[in-house]
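First up is the structure itself, then whatever we jot down about it.
Side chains included, hydrogens not; waters and symmetry mates left out as well; all remaining heavy atoms used. Just so we're on the same page: letters track the sequence lines, and every chain starts at 1.
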2 protein chains.
Amino acid sequence: MTITAEFPGCDDSVRGNLFAVAVDLVVLTVRADELAVLLIKRAEKPFEGSWALPGGFVGPQEDLADTAARELVALVGREPAGHLEQLAGYAGPSRDPRGRVLSVGYLALLPDLADPEPVDDRVAAWHPVTEATGLAFDHDRIVAEGVERARAKLEYTTLAASFCPPEFTVTDLRKVYEAVWRTEIDPRNFQRKVTSTDGFLIPTRTLVTGGRGRPPQLFRRGDAVSLHPPMLREPSRQ
Amino acid sequence: MTITAEFPGCDDSVRGNLFAVAVDLVVLTVRADELAVLLIKRAEKPFEGSWALPGGFVGPQEDLADTAARELVALVGREPAGHLEQLAGYAGPSRDPRGRVLSVGYLALLPDLADPEPVDDRVAAWHPVTEATGLAFDHDRIVAEGVERARAKLEYTTLAASFCPPEFTVTDLRKVYEAVWRTEIDPRNFQRKVTSTDGFLIPTRTLVTGGRGRPPQLFRRGDAVSLHPPMLREPSRQ
DNA sequence: GGCAGTAATCGTCACCTTGACGTTACCGCT
DNA sequence: AGCGGTAACGTCAAGGTGACGATTACTGCC
């Protein structure tokens, strides 16, 4: 197949230097009080047998966000309730031994789901991010940047609720923060902060009975997207 | 030129759907108390005569950051003192009529320079961001995202100093914030904030004489990269 | 030199947020 | 009913910030 018909007006250096473009997903969730990333075991070369981010190539009529959404649906089986945003592009000249591949990382934050089904005969599994090292390609770096993006965004957005099911308690939400930041947060101060922030949480006036202790209230996520003022990871040395 | 030799192990859908990859620069500076972006007048189709972001294709052995740095040097003539970071990837199927082109936006924050020289016979000029509309391709959107990134980063980083020359006064720095945020800031509170933040500003103990009023002190930027606690654009309705 | 003008710098105060931590409310269990 | 456990509410001091007054140190003019 020749491609010289394309890119009229561009010189040969462009036509001779084309890229395959893939989208790689950093799908994060909170499982067992730990931040976890969804990985797929590679069944073919290169990096056969290694764990890698799920991903795929961008289709002929697709935009990047389309590809990311399509792959996310393929992974979790349905239109997910969480959050999806672009991370960055990665295009090191030797990042893929098969040829010149540019990957666009996408970050997805999802509620904890059942164990994932195999995708295209490849094993998929959640891994705590602390143990997700030695991945294929440059996926270690992409995971690291995704995790750092998630950590930072919890500070000044309400995205933590994306890790929660449609209805959740304040404690559920606090455990998300504690898992993502790997810190402990005072439950009383946390409750004051999130319930006093306009539009973060909508009380449903229903209680969760059956557990030990005083039954907590259920909340739904509100319309607010940003936290003003933010909730800072490292306190300002007060 | 055939490309079927590349991408062993990938199916034909990959080989038949390759992208040219370009880097587009959103170069921002503060001129005349306004945030301005560096644009180039296109001399060829498509969008002949329109203003566009400076950019170019990624070379065979280049990483994206290499391309961005190379183009920035070509634009401003020398290794610049400011800041350069990746914005995002843009790959809409019809964003370039010549073919499938993925652009990776890079954001550069520079001190105010002399009027730019023409680049490759194309006119280059600073435009206030408020007037930078109707650009070629999807560059309106890329500029908007770059400006928003810059606005957000001034809140919680010391990047505002990237808009300043090596030595600058507190008022210079405040005018950067005011230009980028399009707000007015109380000079006394601003001075207290930036001079009390450890590592933001290093006093040079030299004064600028010749102007009206009390001569201000000159500062250099310090090692700090983040602002803790941040300086928020919209006050928390105090 | 003395004075007004101007801008940088320092100071003050009230308000808000937050960290630390005590107290009360409401459940299941025995 | 008593108890343990968790949720929810209250209290207080410390620190940061907005609003704004006061002071300082220069230039330019008379």
Side-chain angles (χ1 to χ4, degrees), chain A residues 33 154-156 158 164 167-178 181 183-219 224 226-238, chain B residues 33 154-156 158 164 167-178 181 183-219 224 226-238:
Chain A
D33 294 336
L154 291 209
E155 289 196 312
Y156 57 95
T158 62
C164 296
E167 299 200 331
F168 52 94
T169 67
V170 172
T171 299
D172 293 336
L173 189 65
R174 177 169 51 84
K175 285 189 176 302
V176 166
Y177 274 91
E178 292 180 335
W181 286 349
T183 54
E184 294 210 334
I185 302 176
D186 184 286
R188 299 158 290 191
N189 293 333
F190 182 82
Q191 177 124 6
R192 177 181 56 195
K193 175 67 177 176
V194 296
T195 56
S196 71
T197 298
D198 250 29
F200 194 173
L201 300 181
I202 298 172
T204 65
R205 305 291 174 197
T206 58
L207 302 180
V208 182
T209 55
R212 288 178 307 186
R214 175 174 174 172
Q217 199 181 163
L218 279 178
F219 293 85
S226 65
L227 270 177
H228 261 279
M231 189 170 356
L232 300 177
R233 278 176 280 186
E234 334 166 20
S236 42
R237 81 193 71 82
Q238 216 181 85
Chain B
D33 293 337
L154 291 210
E155 289 196 311
Y156 57 94
T158 61
C164 296
E167 301 200 330
F168 53 92
T169 68
V170 172
T171 299
D172 293 336
L173 189 65
R174 178 169 49 86
K175 286 189 174 304
V176 166
Y177 274 90
E178 293 181 333
W181 286 349
T183 54
E184 294 209 334
I185 302 176
D186 184 285
R188 296 157 292 189
N189 294 334
F190 182 82
Q191 176 123 8
R192 178 181 58 193
K193 174 69 176 173
V194 296
T195 56
S196 71
T197 298
D198 250 28
F200 194 173
L201 301 180
I202 299 173
T204 65
R205 306 289 174 198
T206 59
L207 302 180
V208 182
T209 55
R212 287 178 306 186
R214 177 172 174 172
Q217 199 182 163
L218 278 178
F219 293 85
S226 65
L227 226 47
H228 263 279
M231 190 171 354
L232 300 176
R233 276 176 280 186
E234 334 165 22
S236 42
R237 79 194 72 85
Q238 213 180 92

Taking only residues two or more places apart in sequence or in another chain, which ones pass side chain to side chain contact (heavy atoms under 4.5 Å, CB included) with B:T158? B:F200, B:R221, B:A224, B:L227

Sequence neighbours excluded, which residues qualify as side chain to side chain contact (heavy atoms under 4.5 Å, CB included) partners of A:L207? A:P215, A:Q217

I need the residues from residues 171-178 of chain A with at least one non-hydrogen atom less than 4.0 Å from DNA chain D; give them sorted by number, or say none.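 The stretch gives A:T171 as the residues lying under 4.0 Å from the strand, ordered by number.
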
Compare every heavy atom of B:E155 with every heavy atom of A:H228, then report the nearest pair and how far apart it is. CE1-OE2, 4.5 Å

Starting at atom CD of B:E184, determine the distance to atom P of D:dA19, rounded to an integer number of angstrom.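 After rounding, the gap between these two atoms is 12 Å.
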
Between P of D:dA7 and CZ of A:F190, the distance in whole Å: 12 Å

Residues which pass salt bridge (charged side-chain N to carboxylate O under 4.0 Å, His left out) with A:R212, listed by chain and number, not counting sequence neighbours: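 Testing A:R212 for salt bridge (charged side-chain N to carboxylate O under 4.0 Å, His left out), a comparison that skips the adjacent residues, returns none.
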
For residues B:F168 and B:F219, establish whether the separation of their ring centroids is below 6.0 Å.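 They do not qualify: ring centres at least 6.0 Å apart.
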
Between B:K193 and D:dT17, is there a side-chain N or O to OP1/OP2 distance below 4.0 Å?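 Looking at the OP1 and OP2 atoms of D:dT17, one of them is under 4.0 Å from a side-chain N or O of B:K193.
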
Compare the minimum distances between each of C:dA8, D:dC20, D:dA8 and the side chain of A:V170, then state the nucleotide with the smallest one. D:dA8

From the list C:dT9, C:dC21, D:dG16, which nucleotide is the closest neighbour of the side chain of B:P229?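 When the side chain of B:P229 is considered, D:dG16 is the closest of C:dT9, C:dC21, D:dG16.
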
Is a side-chain donor or acceptor of B:E178 paired with a backbone partner of B:D33 at a separation under 3.5 angstrom?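 Not a single qualifying donor-acceptor pair exists.
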
Are any non-hydrogen side-chain atoms of A:L232 and B:P230 less than 4.5 angstrom apart?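 With C-beta onward as the side chain, the pair touches.
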
Please write out the pairs of protein N or O atoms and N or O atoms of nucleotides 22-30 of chain D separated by less than 3.5 Å, giving the distance to one decimal.
| unit_1 | atom_1 | unit_2 | atom_2 | d |
| --- | --- | --- | --- | --- |
| D:dT24 | O2 | B:R214 | NH1 | 3.3 |

Along DNA chain D (nearest heavy atom to each residue), the more 5'-positioned of A:L218 and A:R192: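 The residue closer to the strand's 5' end, by nearest nucleotide, is A:L218.
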
Identify, with sequence neighbours excluded, every residue that meets side-chain hydrogen bond (donor to acceptor under 3.5 Å, both in side chains) alongside A:T204. A:T206

Mind checking if A:P230 touches a base, just sugar-phosphate, or nothing, with heavy atoms under 4.0 Å?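 Counting heavy atoms under 4.0 Å across all strands, the contact made by A:P230 is with sugar-phosphate only.
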
